[in-house]
Amino acid sequence: MNKPELLAPAGTMEKLKCAIRYGADAVYMGGPDFGLRNMAGNFTLAEMPQALAFCHEQGVRCYLTINSYPADHTLGRLENYLQELAPLPFDAYIVSDPGVLRMIRRISPEREIHLSTQANTINHESVLFWQEQGIGRVNLAREMTLEDISATTRAVSLPCEVFVHGALCIAYSGRCLLSSAMTGRSANLGECTQPCRWKYALVEERRPGEYQPIEEDSSGTFIYNSKDLCLLEYLPDLVRAGVASLKIEGRMKGVHYLAGVLRIYRTALDRFCADPDGYTADPAWMEELTTISHRGYTTGFLLGDPKDVGQSYQAGYLRSHKLVGVVEAMHGEKLAEVVVRNRFQAGDQLSLMGPAMKNADFTATDLQYYDQQGTLLPVATVHPNMRILMPVPAGTAPDDLIRLPAPMQEFDS
Ligand code: SF4
């Protein structure tokens with residue numbers, strides 16, 4: 001039984017560093033074009049060498065997504081892009097389109113290439129086909145069951161990757177035209193506006209603006225809205241099935257999501273691989289995953305067709321904690337310089353989170369806000385982007401996160 005790689009999204013440099021700090025073995029990022037998450041921040045060509053150097057110094061592999069389906073008239077732009085990327089030491093490109101694969105083989109013949117989930121690979125014959133085309137790893141479609149995943153990994157020598165956590169599309173792995181049809185922005189070109197998460201109503205065509213009450217619940221009708229995938233409980237089954245990489249979705253998600261999800265999967269994976277027979281999952285792990293922004297959890301297709309239990313009938317996200325600050329530096333053992341992300345005030349009960357399941361509850365006291373000139377200002381409530389000094393629990397380290405219990409059920413990207 002081999003220990004699989006834990007693969008995390010890196011939407012920006014801050015998120016890349018966060019992913020590595022919280023236990024990623026490998027990260028995937030998008031560039032300025034052709035990467036399917038045009039709104040994720042992404043990396044410019046100028047930023048990529050620094051990101052790659054940082055990953056490789058930490059012993060972390062770095063993959064680049066080039067997984068859109070480019071139209072013929074964009075191939076010249078893609079050719080230039082691939083030429084500019086050629087000298088950069090990416091450990092692999094992630095692609096979907098056979099034409100893109102062919103171009104990469106010509107421009108960077110040595111580059112390892114992984115097949116994206118967008119290619120919807122759902123059986124071992126497909127994996128063998130892609131192996132013949134020079135693919136080095138296949139991401140199996142999220143629509144596969146555990147039984148089919150095991151049968152596929154047993155039948156092939158090519159490493160297979162599966163998504164274990166993150167958002168799901170209501171359509172087949174992003175092969176979806178909702179966004180194109182409703183907004184003109186194509187999901188298959190990285191511009192999904194997520195209409196599957198919108199609230200829908202019924203309108204009779206001669207009465208525009210008169211919405212008929214067809215509510216699934218009091219908050220509306222969400223006919224396309226999938227819950228998020230969470231396969232933590234089945235992580236041992238996936239490792240035993242021989243999956244080579246466990247992938248987390250979410251290049252557009254923030255550091256709170258990344259840190260919270262990664263540290264749980266890192267801990268679970270390490271514990272299971274160290275002692276498979278003695279392994280038991282800690283119930284606190286699932287509890288922890290509900291503190292982070294999500295749409296309710298489902299095991300997707302892993303155990304068969306999820307039918308309506310895979311659908312979320314609620315608007316927006318659920319969570320029990322919000323990120324209010326990131327520790328920038330420590331001044332002594334218990335005084336932190338914090339960059340504020342959301343409002344909080346003296347007296348609030350906060351919790352610290354860090355790698356390796358570091359948690360500590362504390363009360364916000366003695367908040368000191370300094371202006372640019374270093375003058376201490378009297379501030380009762382801190383606002384986003386402020387820098388403050390505040391007492392924190394012993395053991396706090398730079399880049400630790402500070403959270404405030406704050407239940408939410410609304411849109412919050
Ligand atoms: S609209 Fe929803 S289902 Fe369609 S691609 Fe976008 S996120 Fe996926």
Side-chain angles (χ1 to χ4, degrees), residues 8-9 11 15 28 30 33-42 65-71 74 94-97 100 115-122 139-144 161-201 216 219-231 247-254 257-258 261 292-302 305-319 409-413:
K15 295 177 198 175
Y28 61 101
D33 215 348
F34 301 105
L36 277 194
R37 285 289 181 278
N38 294 357
M39 291 166 272
N42 295 323
T65 55
I66 314 177
N67 58 341
S68 68
Y69 285 91
T74 63
I94 301 173
V95 309
S96 310
D97 180 68
V100 177
L115 192 68
S116 164
T117 197
Q118 301 301 120
N120 309 139
T121 308
I122 58 165
N139 182 294
L140 300 177
R142 291 175 174 98
E143 290 77 14
M144 288 177 74
E161 177 185 283
V162 293
F163 273 103
V164 288
H165 198 94
L168 287 174
C169 285
I170 202 80
Y172 228 70
S173 292
R175 290 285 188 109
C176 172
L177 297 175
L178 266 184
S179 184
S180 299
M182 296 178 76
T183 68
R185 299 175 69 170
S186 169
N188 296 314
L189 295 176
E191 295 177 338
C192 180
T193 51
Q194 304 209 330
C196 61
R197 316 294 181 192
W198 297 353
K199 179 176 174 176
Y200 289 90
E216 285 166 331
S219 57
T221 299
F222 302 90
I223 50 181
Y224 303 124
N225 192 19
S226 171
K227 289 178 183 171
D228 289 346
L229 183 70
C230 175
L231 299 186
K247 187 169 186 176
I248 292 166
E249 183 276 344
R251 273 187 283 151
M252 288 168 42
K253 302 271 176 63
Y257 165 89
L258 257 184
V261 172
I292 302 154
S293 172
H294 67 291
R295 301 182 184 93
Y297 287 125
T298 171
T299 51
F301 287 80
L302 197 78
D305 187 343
K307 299 201 166 63
D308 58 348
V309 295
Q311 186 165 348
S312 171
Y313 298 100
Q314 293 175 310
Y317 295 89
L318 305 165
R319 65 151 195 232
Q409 187 186 318
E410 61 188 46
F411 280 101
D412 172 49
S413 57

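Small disclaimer: the values here were computed from a predicted structure and weren't measured. Atoms within each ligand, like the ligands themselves, are counted from 1 in listed order.
- Contacts of Y224 classified as ring-ring contact (aromatic ring centres under 6.0 Å, His included), with partners at least two apart in sequence or in another chain: Y200.
- Interface of A187 with ligand 1, defined as ligand atoms under 4.0 Å from a residue heavy atom, comprises 5 (S).
- Short contacts between ligand 1 and I170, defined as distances under 4.0 Å to a heavy atom of the residue, involve ligand atoms 3 (S).
- Annotation: ring-ring contact (aromatic ring centres under 6.0 Å, His included) contacts of H294 (sequence neighbours excluded): Y297.
- Taking every non-hydrogen atom of P195 and a distance limit under 4.0 Å, the qualifying atoms of ligand 1 come out as 1 (S).
- Donor-acceptor pairing under 3.5 Å is lacking for the side chains of R197 and S226.
- E161 and K247 make their closest contact through OE2-CD, 3.3 Å (heavy atoms, listed as atom of the first residue, atom of the second, distance).
- Among the backbone and side-chain atoms of C169, an N/O/S atom is found under 2.8 Å from atom 8 (Fe) of ligand 1.
- For ligand 1 and C192, the ligand atoms under 4.0 Å from any heavy atom of the residue are 1 (S), 5 (S), 6 (Fe), 7 (S).
- Of all atoms in ligand 1, listed by their number and element, those nearer than 4.0 Å to a heavy atom of C176 are 1 (S), 3 (S), 4 (Fe), 5 (S).
- For the residue pair S116/N67, the side-chain donor-acceptor check at 3.5 Å is satisfied.
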